[in-house]
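A note on names: the letters A, B, ... follow the listed sequences, proteins ahead of strands, and every chain is numbered from 1.
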Number of protein chains: 2
Amino acid sequence: MRYADVAKAERIRIYDVARVAGVSVATASKALNDTGRMTEATRTRVKQTAAALGFRPNAMARALTKHRSFTVGLLTNDTYGRFTLPVMAGVSEALVDQGVSVFLCGIEDDAALGKVHVDAMLDKQVDGIIATGKRIDRRLPVDLSGLPMPVVYAFTEGPEDAITLVSDDAQGAREAVEWLVQAGRKNIVHVTGPETFVSVGERARAFRAVVGEAGRVLHGPWSEAWGHEAVGRLWSEAGDKPDAVFCGNDQIARGVVDALRERGIVVPDQVSVVGFDNWEIVSAATRPPLTSVDMNLKELGREAGRLILELAEGKPVEPGVRQLPCKLVVRQSCGGVRRSSDQQGGVLEEV
Amino acid sequence: MRYADVAKAERIRIYDVARVAGVSVATASKALNDTGRMTEATRTRVKQTAAALGFRPNAMARALTKHRSFTVGLLTNDTYGRFTLPVMAGVSEALVDQGVSVFLCGIEDDAALGKVHVDAMLDKQVDGIIATGKRIDRRLPVDLSGLPMPVVYAFTEGPEDAITLVSDDAQGAREAVEWLVQAGRKNIVHVTGPETFVSVGERARAFRAVVGEAGRVLHGPWSEAWGHEAVGRLWSEAGDKPDAVFCGNDQIARGVVDALRERGIVVPDQVSVVGFDNWEIVSAATRPPLTSVDMNLKELGREAGRLILELAEGKPVEPGVRQLPCKLVVRQSCGGVRRSSDQQGGVLEEV
DNA sequence: GTGAAAGCGCTAACAG
DNA sequence: CTGTTAGCGCTTTCAC
């Protein structure tokens, strides 16, 4: 006997519930969906027999009539998962208790694969699509406009009039730099990624807005090696050395911390270092652990889930770009007192 | 007008195709599904009009009659994503061209959440479930037995008679250690994770099988700090120092490499180091980049996808544990020549 | 070869 | 307040 047959044979339908409860199928349906009007007694009786029988409505049948599949598609080009994972977790979290399931659609940067996935979502009649990526200033290689279902863009660029969710890079950067200033640092430099990234520009601008337009910004790749090299460059120059480095991501920050240690410079006593992304695996393994800006990607995902649900239910949502706040997670690399309570000390479990 | 209404209004049904092609709905259905018998001419004509009209069959309706949703659930407790991500990517890859979509079900280690997701999958009538986790010797906090659909376990422990896919830790370890031996190393030690992990035991056994039963194995946490500490311990002892360290994961290996460098010991000239997991972010950032054992998790995911498909189609699959081979990815940390061709030099893109 | 008709399991008008 | 009836869009016997 095939699985499908077993399933068919054993599964109880609303018909069974109705029969046992002594009502018609229609009444049973209304009772279970809290619609229509009937005595509380009938409703309760139906619900109880349904529960007793272990009735689970067939989502396909329901979808067919309601034109709603209780399913959304999550489109992403971030195989690496660094940014997408928390977003996915948030989306899933926001939707699961509403009975909405999430289709995972990884498209790499392949337009053809993107089309395959979009077509599949069309066929499966998803109630909405959440597009997410690894860069706030890049679009996915698929056209999601004119689709017969709502779309929300999270951590990826969307069309002009779309609903887009991004992290507030400027605010995150500002908090980090202000924290350093409050800690008494006078000579702060910013070592960050390539200028071509919009977020790099935003963070740098926020940095300069706090320390003054003369604030020094060094651009390079997003790597530990670059953090290392930047320290080499800064500390080989004549004149005052920086007493704080605000980094564009945690990898650069780690490179900076390691390079400083190799030079015998003590972090955070002599130099404070702050990272960006709060990527646990990097920030926690650094010695000392990195203070870092967390982009709250999970919350961003949750918000995306909430929005797509509202849209699916036909509620109006104002289009435009929403910036969600970042938060500074304080560890030991910048001195000062811990401010944030959610230090995820996190033992990393592993095989 | 709501999205659902737009969708309903604009969507063309098989009825439209049939009308335009001048056949009955039944014939159209058969033509499009390559079933039934009819003239080639009719079949082609129907297919062409379907294509011209941009007909996309309604997956819900099809599922309702076929008792097959062309959907599988991917259950995971690995929020962190380290091991799950490649598995997910593989699963998705194997299924997408078969028109099968993947439901993402992240359950943390929460049994209640697990039940919610399993119930949702039951409702949505997934054709199968792939369970995956972060440890090969731990079960997910959900009972997947007796479900009316097939289940495949990938990188997580399943019941005795289940279909389970795991990496061949022993073979991976053996290849790594043999590589070190071939490179002329005589005094190899193994610095690895806690003894409580089954895979730790397997790798250690394989290690001893190659270097002899006297081979030294040090257990500790899965952290860089432990790698660091292990070097401190080994190099402060009297007697011969190791000329190679085989590590239980890349983080430990990185700790080892860093500690050696701090002692002025050159890797790989004086000491070779090999990691495990081939976690790009760690192995590539290490100086020098780590040679590491790759568990081929993506291939494992692909295989899981293939198997669940076969099961869903009613084909028989032999139960039992399948071990998939690991492969050694050679970088610079152990000397010798590059052997593997797929060095993913990988620039890590980031915001 | 082709089509009419009967569902798949559920919801929603519309009567009673 | 409850039940009858008519679909949702597609597949599948079974006649013609």
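One atom, CZ of B:Arg56, and another, C1' of D:dC10, lie 15 Å apart when rounded to the nearest Å. Separating the NZ atom of A:Lys66 from the C1' atom of D:dG7 is a distance of 16 Å, rounded to the nearest angstrom. The separation between A:Asp123 atom CG and D:dG9 atom P is 14 Å, rounded to whole Å. The CZ-C1' distance, from A:Arg62 to D:dC8, rounds to 14 Å in whole Å. At whole-Å resolution of the value, CG in B:Leu32 and P in D:dC10 are 10 Å apart. The interatomic distance linking A:Tyr15 (OH) with C:dG9 (P) rounds to 12 Å, in whole Å. Between B:Ile14 atom CD1 and D:dG9 atom C1' there is a gap of 8 Å when expressed in whole angstrom units. Here the C1' atom of nucleotide C:dG9 and the CZ atom of B:Arg68 are 19 Å apart, to the nearest Å.
Between the side chain of A:Asp16 and the backbone N or O of A:Ile12 there is no donor-acceptor pair closer than 3.5 Å. In this structure, the side chain of A:Asn296 engages the main chain of A:Pro325 through a donor-acceptor pair within 3.5 Å.
The residue among B:Thr35 and B:Ala61 whose nearest nucleotide of DNA chain D is located toward the 5' end is B:Ala61. For A:Pro57 and B:Arg43, each mapped to the nucleotide of DNA chain C holding its nearest heavy atom, the one lying further toward the 5' end belongs to B:Arg43.
No salt bridge links A:Glu40 with A:Arg45; every basic N to acidic carboxylate O contact stays at or beyond 4.0 Å.
Between A:Thr84 and the choices A:Asn77, A:Val91, A:Thr76, the side-chain contact (heavy atoms from CB on, under 4.5 Å) rule is met once, by A:Thr76.
If you check D:dT11, C:dG1, D:dG3 against the side chain of A:Ser24, the one that comes closest is D:dG3. You'll find that the side chain of B:Lys30 is closest to D:dT12, out of D:dT12, D:dG9, D:dT11. You'll find that the side chain of B:Ala26 is closest to C:dA5, out of C:dT11, C:dA5, C:dT2. Proximity note for B:Thr39 (side chain, C-beta onward) versus D:dG9, C:dG1, D:dT4: the nearest is C:dG1. Side-chain proximity of A:His67 to C:dT2, D:dC8, C:dC10: nearest is D:dC8.
For the pair B:Arg37 and C:dG1, the criterion of a side-chain N or O lying under 4.0 Å from OP1 or OP2 is met. Between A:Arg13 and C:dC8 there is no side-chain polar atom (N or O) within less than 4.0 angstrom of OP1 or OP2. Listed pair B:Asn58 / D:dC8 fails the phosphate criterion, with no side-chain N or O lying under 4.0 Å from OP1 or OP2. Of the side-chain N and O atoms in A:Thr42, one or more sit less than 4.0 angstrom from OP1 or OP2 of D:dT2. Checking the phosphate oxygens (OP1, OP2) of C:dT11, a side-chain nitrogen or oxygen of A:Ser29 falls inside 4.0 Å. Contact between the side-chain N/O atoms of A:Thr65 and the OP1/OP2 oxygens of C:dT11 is not found at any separation under 4.0 Å.
Side-chain contact between A:Leu122 and A:Leu147 is present, with at least one heavy-atom pair separated by less than 4.5 Å.
Once rounded to the nearest 0.5 Å, the distance linking OG of A:Ser69 with CG of A:Asp127 reads 4.0 Å.
If you check every strand for non-hydrogen atoms under 4.0 Å, A:Val23 touches sugar and phosphate atoms only.
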